[in-house]
Amino acid sequence: MNGKLYREIFVWKEIDDNTVSRFRVFERLSDHKFFCKGQDFFHYPIDEKQVKFIESNAIESLLTGRLSRKIDKKFDSIEEAIEQFEKDFE
């Protein structure tokens, strides 16, 4: 099989009563290492245009470059990947 395989995992974080965030975590299936590729924020009430825009940007990001080239840090757990992502973007 050509190409590396990844599994996308969504992890949700409750921010407040009207806001949640969704982390886009990827698992490289060859070694079960994790990295966080992004964090999306959603506010109530949900705007369909916002949701479509977020999804479109995420797919475009995957198509414009290989995941393995864009991500340097890979972690043994989902939690570690998210913690590092949050530190990187504080």
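- Applying the ring-ring contact (aromatic ring centres under 6.0 Å, His included) rule to Phe42 yields the partners Trp12; only residues at least two apart in sequence or on another chain are considered.
- In terms of the ring-ring contact (aromatic ring centres under 6.0 Å, His included) criterion, residue partners of Phe89 (sequence neighbours excluded) are, by chain and number, Phe85.
- Interatomic distance, NE2 of His43 versus CD1 of Ile15, reported as 9.0 Å (0.5 Å rounding).
- Using a 4.5 Å cut-off on side-chain heavy atoms (C-beta onward), Asp88 and Glu90 make no contact.
- Atom OH in Tyr6 sits 7.0 Å away from atom OG in Ser30 (nearest 0.5 Å).
- By the criterion of side-chain heavy atoms lying less than 4.5 angstrom apart, applied directly or through intervening Ile, Leu, Val, Met, Phe, Trp or Tyr residues, Val20 is grouped together with Val51 in one hydrophobic cluster.
- Looking only at side-chain heavy atoms (C-beta outward), Asp47 and Phe53 stay at 4.5 Å or farther from each other.
- Annotation for Cys36 and Phe23: closest pair SG-CD2, 3.8 Å, computed over non-hydrogen atoms.
- The pair Glu8-Arg24 counts as a salt bridge, with a side-chain nitrogen and a carboxylate oxygen less than 4.0 angstrom apart.
- For Phe35 against Ala81, the heavy-atom pair with the smallest separation is CA-CB, 3.9 Å.
- Around the CG atom of Asp17, the shell of radius 6.0 Å holds no more than 12 heavy atoms that belong to other residues, nucleotides or ligands.
- With sequence neighbours excluded, no residue forms a side chain to side chain donor-acceptor pair (under 3.5 Å) with Gln50.
- Residues Phe34 and Glu80 have side chains not in contact (no heavy-atom distance under 4.5 Å, counting atoms from C-beta outward).
- Atom OH of Tyr44 is surrounded by 12 or fewer heavy atoms from other residues, nucleotides or ligands within 6.0 Å.
- Both tests do not hold together for Lys37 against Phe26: distance to the six-membered ring centre under 6.0 Å, angle to the ring axis within 45°.
- Salt-bridge annotation for Glu79 and Lys13: absent, with no side-chain N of the basic residue lying under 4.0 Å from a carboxylate O of the acidic one.
- Looking only at side-chain heavy atoms (C-beta outward), Ile82 and Val11 come within less than 4.5 Å of each other.
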Check step by step if side chain to side chain contact (heavy atoms under 4.5 Å, CB included) holds for Asp40 and Arg22.
CA-CA 5 Å; Asp40 305 314; Arg22 179 179 66 186; 3.4 Å; yes

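- Contact check for Lys33 versus Glu27: no side-chain heavy atoms found under the 4.5 Å cut-off.
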